[in-house]
Amino acid sequence: MRRLEIFWAYVFLTPTLLGLAFFSLGPIVAGLAISFTKWDIMTPAKWVGLVNYRSLLTDDLFWKSFYNTIYFTIGTVPVGIVISLLLALLIDRKLKGIAIFRTVFFLPVVVSTVAAGILWGWLFNSQCGLINYYLGDIGLLTPNWLADTAWAMPAVIIMTLWKTVGYNMVIFLAGLQDVPEELYEAASIDGANWWVKLRHITLPCISPTTLFVIIMSLINSFQVFDQTYIMTKGGPAHSTMTLVYYVYENGFKWFKMGYASAVSYAFLLIILVLTLLQLKYQNRWVHYR
């Protein structure tokens, strides 16, 4: 019976395993091989060894893209997590009509990133955008958002926060609803206030959820592409050029497929190191029940 169960398990897993092999593992291996070549798609690939990887070290635009990606990550991950947690705490109530508020906060998540990028591009328009219109009405600075190197990335960050906080809010809400109610009751009996409960009960209990949100947010922030492509095209003056957009430019605009693959694997290494560091040090602050 045991052998029969194993046999049928592999039978049912075969379609998934084949899909992973051909559509995931295959491209990963092919991309790694291409990264050691010079290939413009039109002519046969030429083996160049580690030349592409050595070029990364002296490529100013690569480091500019790396810096912009870090800037975007710092601007979206910590702020996004705090906002998502605060929203989850606000809607974690048994009130009439609370489902409407949850839906409203989550709606931006289901909006197409392309549509959201176009919408926010209009909102950030320096001539007729609503944001500058209202900022001017109250006497504040009205920057040329998408054409100013100092404001273009903050504009992309604001749009991304609007688009993504609802998703993490739902994840945090699920974690909050899993916290045992008796812990709050015991804390109330001991005279604990809201802040003490949040610090010593809520945050430790949802720390596994927080770890998941941090890891996924970091990975997603490093993969930013749609926003910059729609809103800024990597400009102005490469101020919103991110690593994925740089891969796109090399591969599909300049047809440097070998170099684009090398950038992709450097990018993969960065994400892998960050994820492993988080997993390594999670025991210092993540509490599993």
Side-chain angles (χ1 to χ4, degrees), residues 9-59 61-70 72-73 76-77 109-110 112-114 116-117 156 160 163-164 167 212-230 232-234 238 240-279:
Y10 279 109
V11 169
F12 288 115
L13 285 172
T14 296
T16 300
L17 294 175
L18 289 176
L20 288 173
F22 285 104
F23 299 109
S24 295
L25 183 61
I28 289 173
V29 175
L32 180 61
I34 292 172
S35 70
F36 296 107
T37 67
K38 181 180 180 181
W39 183 36
D40 61 2
I41 301 179
M42 305 300 293
T43 58
K46 179 182 178 182
W47 183 267
V48 294
L50 296 175
V51 170
N52 290 327
Y53 290 97
R54 286 198 295 265
S55 298
L56 289 177
L57 301 177
T58 56
D59 185 350
L61 193 51
F62 168 76
W63 291 110
K64 176 69 173 178
S65 303
F66 177 72
Y67 166 77
N68 289 338
T69 305
I70 296 295
F72 176 84
T73 300
T76 55
V77 175
V109 178
V110 300
S112 166
T113 305
V114 174
V156 176
T160 304
K163 180 76 171 63
T164 58
Y167 178 78
F212 172 79
V213 170
I214 290 174
I215 291 176
M216 296 307 299
S217 297
L218 272 175
I219 293 174
N220 290 332
S221 67
F222 267 83
Q223 292 179 336
V224 59
F225 172 77
D226 297 1
Q227 298 93 311
T228 54
Y229 181 79
I230 296 299
T232 63
K233 292 292 191 296
H238 305 301
T240 59
M241 175 80 75
T242 57
L243 284 173
V244 175
Y245 195 89
Y246 190 48
V247 171
Y248 165 79
E249 291 269 287
N250 276 280
F252 300 101
K253 185 176 180 180
W254 305 325
F255 298 109
K256 299 178 181 179
M257 297 302 294
Y259 192 68
S261 297
V263 176
S264 299
Y265 271 88
F267 172 56
L268 171 64
L269 181 62
I270 293 170
I271 294 180
L272 179 62
V273 169
L274 290 174
T275 303
L276 291 177
L277 286 174
Q278 290 178 79
L279 294 175

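We use all heavy atoms of the structure for the numbers below, so side chains are in, but hydrogens, waters and symmetry mates are not. Residues take their numbers from the sequence shown, with the count starting at 1. Please read all numbers here as calculations on a predicted model, not as lab measurements.
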Which atoms form the tightest heavy-atom contact between Ala116 and Lys163, and what is the distance? CB-CD, 4.3 Å

Measuring from atom CD1 of Ile70 to atom OG of Ser221, what distance do you get when rounded to the nearest 0.5 angstrom? 8.0 Å

Of all the heavy-atom pairs spanning Val77 and Ser217, show the shortest one and how long it is. CG2-O, 3.8 Å

Donor-acceptor check, side chain of Ser24 to backbone of Ala21, threshold 3.5 angstrom: yes or no? no

Which atoms form the tightest heavy-atom contact between Ser261 and Ile34, and what is the distance? OG-CG2, 3.4 Å

Would the number of heavy atoms belonging to other residues, nucleotides or ligands and lying under 6.0 Å from OH of Tyr53 be above 12? yes

Under 4.5 Å between any side-chain heavy atoms of Thr160 and Phe72, yes or no? yes

So, taking the atom named OG1 in Thr113 and the one named CD1 in Ile230, what distance separates them when rounded to the nearest 0.5 Å? 9.0 Å

State, yes or no, whether a side-chain contact exists between Val156 and Thr232 at a heavy-atom distance under 4.5 Å. yes

Could you check whether any side-chain heavy atom of Tyr265 comes within less than 4.5 Å of a side-chain heavy atom of Ile28, counting everything from C-beta outward? yes

Heavy-atom pair of closest approach, residues Ile41 and Met257: CG1-CG, 3.4 Å

Hey, what do you get for CG (Asn250) to CG (Leu61), rounding to the nearest 0.5 Å? 8.0 Å

For residues Pro15 and Phe12, report the shortest heavy-atom separation together with the two atoms involved. CD-O, 3.4 Å

Could you tell me if the side chain of Leu20 sits less than 4.5 Å from the side chain of Leu25, heavy atoms only? no

Counting only heavy atoms not in Tyr167 (residues, nucleotides, ligands), do more than 12 fall under 6.0 Å from its OH? no

Min side-chain heavy-atom separation Phe36-Leu50 under 4.5 Å: yes

Could you tell me the separation between the CG atom of Asn220 and the CD1 atom of Ile271, rounded to the nearest 0.5 Å? 9.0 Å

So salt bridge (Lys or Arg N to Asp or Glu O under 4.0 Å) across residues 32-55, not counting sequence neighbours, yields none

Looking at every heavy atom in both Val48 and Thr37, which two are closest together, and how far apart are they? CG2-C, 3.6 Å

How far does CG of Asn68 sit from OG1 of Thr73, to the nearest 0.5 angstrom? 10.5 Å

Calculate, to the nearest 0.5 Å, the distance between atoms CZ and CG belonging to Phe62 and Leu56 respectively. 5.0 Å

Heavy atoms from other residues, nucleotides or ligands near NZ of Lys256 exceed 12 (cutoff 6.0 Å): no

Which atom pairs, donor and acceptor, lie under 3.5 Å between side-chain atoms of residues 241-248 and protein residues at least two apart or in another chain?
from   : atom 1 : to     : atom 2 : distance (Å)
Thr242 : OG1    : Val224 : O      : 3.2
Tyr245 : OH     : Lys233 : O      : 3.2
Tyr246 : OH     : Asp59  : OD1    : 3.4
Tyr246 : OH     : Asp59  : OD2    : 2.3

